[in-house]
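In each ligand, atom 1 is the first atom listed, and ligand 1 is the first ligand listed. Remember, predicted model here, so these are calculated numbers, not experimental data.
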Amino acid sequence: MAADRFTDQMQAYGKWKSTLAKAIINYQSWLEKNQMSAADLELRIFELLEQLKSDSLTIAFVAEFARGKTELINAIFFSEYDRRLLPSEAGRTTMCPTELFYDTAENESYIRLLPIETRLEDTSISEHKKNPINWTNINLNTSSSEEMAEAFREVVNTKPVSQDQAHKLGLFDPEHDKGHINQDGSVDIPMWRHALISFPHPLLKEGLNILDTPGLNAMGAEPELTLNMLPNAQAVIFVLAADTGVTKSDMDMWTHHVKALNADARHARLVVLNKIDTLWDELKDEGSINSTIQAQCGTAAKMLDIDEKSVFPVSAQKGLLAKIRHDKELVEKSNILSLETILSTDILPKKQEIVRDNIVGEIGSMVNQSRDLISSRLNDANKQLKELQSLSGKNEDVIAHLLKKTRSEQAIYYKSVESFQANRKLFNEAHSELLGILSLNELDQLMSKTRKTMADTWTTVGLKNSMKAFFEVITNTIKQASERTDKSNMLIQGIYRKFNAEHNLGNTKPKLFSMSKYKRHMERLYHEADAYRKSPVTTMTEQSFVIKKFFISMVSHARNTFFNAHHEAETWGKAAMSPLVARIKEHKDQMEKRLESLRKINESRDTLQSRVAELERTAGTLNSQLADLNLLMDTLNQPLDSFIDNDSARVA
Ligand SMILES: Nc1nc2c(ncn2[C@@H]2O[C@H](COP(=O)(O)OP(=O)(O)O)[C@@H](O)[C@H]2O)c(=O)[nH]1
Ligand SMILES: [Mg+2]
């Protein structure tokens, strides 16, 4: 059934990744075998392999509570358990963000739950994740879907606490939540702040991560969701429900947490209109039902200010039921498959493109570099071969003349290497300046100052001002770093151009550095901070601890961004010159070898024949090395199997 399509695509993607990993390992052994490896190359290859291993695809479901997020997850990913795997129910108790994934480092399947009280601490969820001891662990028996579903119920567990305690945790507003007070005056709150669920489901094993988020209220209280988890997801699925239409809190959710997320083309954002079964009316014909559904999609699109075609009407509940019962007609009617198709035809290829750009791009340029080097060796061997062959039967003068000519060529070459070294120094200086600007020392000072001002400030105006000051410094730092980057890029391009032109070294191009990614990141952070400040949640909870927590995590997020920028700039600076340096060394070795063999031939003419034979052997070896590399390159550029199949299927 076509329902398996997303699963198929995920599997094809997993296969593609393991082929890629194999090719990288082959390259690694090729380098070793041919004595072309170096410590920095080894390290980079190791890092790339690790990156590939930990690659994951995150799909986040975001909406106000009770729109059917969890049911949708059940229907799309977990229908083969023949039951409702994750608890989905009416009411607003599901307030615990849940991550579903497969933890390759652990042998066991588990649910880990972080107690709700940890909200009051400054420790972020990602810090807690490093420390399993802070979590309550439940082992999962994956051989029984009943037992699994039962265990998952713990995630939505609640407990009664005093109104005061609930208020402190940001889970109770005395003005709005009067209706939720129990008879004894207590209030039910969720037991858990965050849930991690790991089990070896085929999709999760392929690297799928699913993030099920709670409603607006809890979203606002967990800055990490807004600042970290959602922006990092490849796809965010925003869910509306046909029975409620677009309410004010849906709009708030959309405006403050989802709308800004689609900042770049690599992150997909889908809008789903769920529960269309509530519009199925047996007294109406199919045509008029469909036009009612379409009209609702249209209204939703207009309110969210998006294209009408981007709203997918589905029924998660009927989709799940139909899949369990293998009721094709109902599956069709629930429209759940069209959503799956989008996931596999839109989101997965995007994800593959990212991996291709990052990993294949880098390893590809390493292979290319090796290829350039081998071709230049081959060129040189062939040139020498011709030279020596033409010497046979010539007198000593000719050889002596050639020797002299080669020596003077060598002298010129050494001169230009000197000028290269001087330029390289200039580049290194510019690069150090760039690293200085991105250095965390200064930034840390600013950050601790900002933290302090924020911690001492209790008014929104005060927080706003310190945030403004903070971003002013950040913007300025990024501006300076961009200028230094431009300068470094220009210098390095000049060096390459000059050397290529002088020595006819082909078209070796340097890798350039760019700050734009980090700039965009900070702009988004600013936007988030601004939206957060205006969010109704912050006034609703009227607790500055929530706001403060938000700004504090925002500051550490900014620090992370600079840390990454610094790291990338550092790695870049180290690697930027290496292709050229390798070519220079190679050229120098070749010249020395050539001189050496001319000298020997000059001493004894017998050497000529054996030297020619040796060069012929060398050329043979180089040719087969080139063939190896070409094969490797083909493997790296291989497209995803089933993407091709789909294309041809579509044409057929
Ligand atoms: N009629 C109908 N009800 C649904 C559908 N999807 C979910 N529900 C119901 O809506 C309620 C909330 O669903 P849930 O998945 O827990 O929503 P969440 O809070 O967004 O995760 C539950 O009672 C579900 O049974 C649907 O497609 N049609
Ligand atoms: Mg839910």
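- Residue contacts with ligand 1: Asp212 is placed with no nitrogen or oxygen under 3.5 Å of a nitrogen or oxygen of the ligand (distance criterion only).
- A salt bridge does not link Lys17 to Glu206: none of the charged side-chain nitrogens sits closer than 4.0 Å to a carboxylate oxygen.
- In summary, the atoms of ligand 1 found under 4.0 Å from a heavy atom of Thr278, numbered by their order in the structure, are 1 (N).
- Here Asp188 does not pair with Lys159 in a salt bridge; the nearest charged N to carboxylate O distance is not below 4.0 Å.
- Taking the six-membered ring for Trp and the full ring otherwise, the centers of His194 and His128 sit at least 6.0 Å from each other.
- Distances below 4.0 Å separate heavy atoms of Ala316 from the following atoms of ligand 1: 27 (O).
- Here's the thing with Arg84: none of its N/O atoms is less than 3.5 angstrom from an N/O atom of ligand 1.
- Per-residue contacts place Gly68 under 4.0 angstrom from the following atoms of ligand 1 (heavy atoms of the residue considered): 7 (C), 13 (O), 14 (P), 15 (O), 17 (O), 18 (P), 20 (O).
- Between His201 and Phe199, the ring planes are perpendicular. Angles over 60° get that label, and only those under 30° would be called parallel.
- The proximity of Thr70 to ligand 1, defined as any non-hydrogen pair under 4.0 Å, involves the side chain as well as the backbone.
- Of the possible donor and acceptor atoms, none in the side chain of Ser310 sits under 3.5 Å from a partner among the backbone N and O of Ile306.
- No donor-acceptor pair under 3.5 Å is formed between the side chain of Asn182 and the backbone N or O of Asp184.
- Looking at Glu154, Glu99, Glu106 one by one, the single match for salt bridge (charged side-chain N to carboxylate O under 4.0 Å, His left out) with Arg112 turns out to be Glu106.
- At a 4.0 Å heavy-atom cut-off, ligand 1 does not touch Asp243 at all.
- When only interatomic distances are considered, the shortest N/O to N/O separation between Pro87 and ligand 1 does not fall below 3.5 Å.
- Nearest to atom 9 (C) of ligand 1 by heavy atom, out of Arg67, Glu64, Lys275, is Lys275.
- Within the 4.0 Å heavy-atom cutoff, Ala66 counts among the residues contacting ligand 1.
- Distance check for Ser88 against the Mg ion (ligand 2): none of its N/O/S atoms falls below 2.8 Å.
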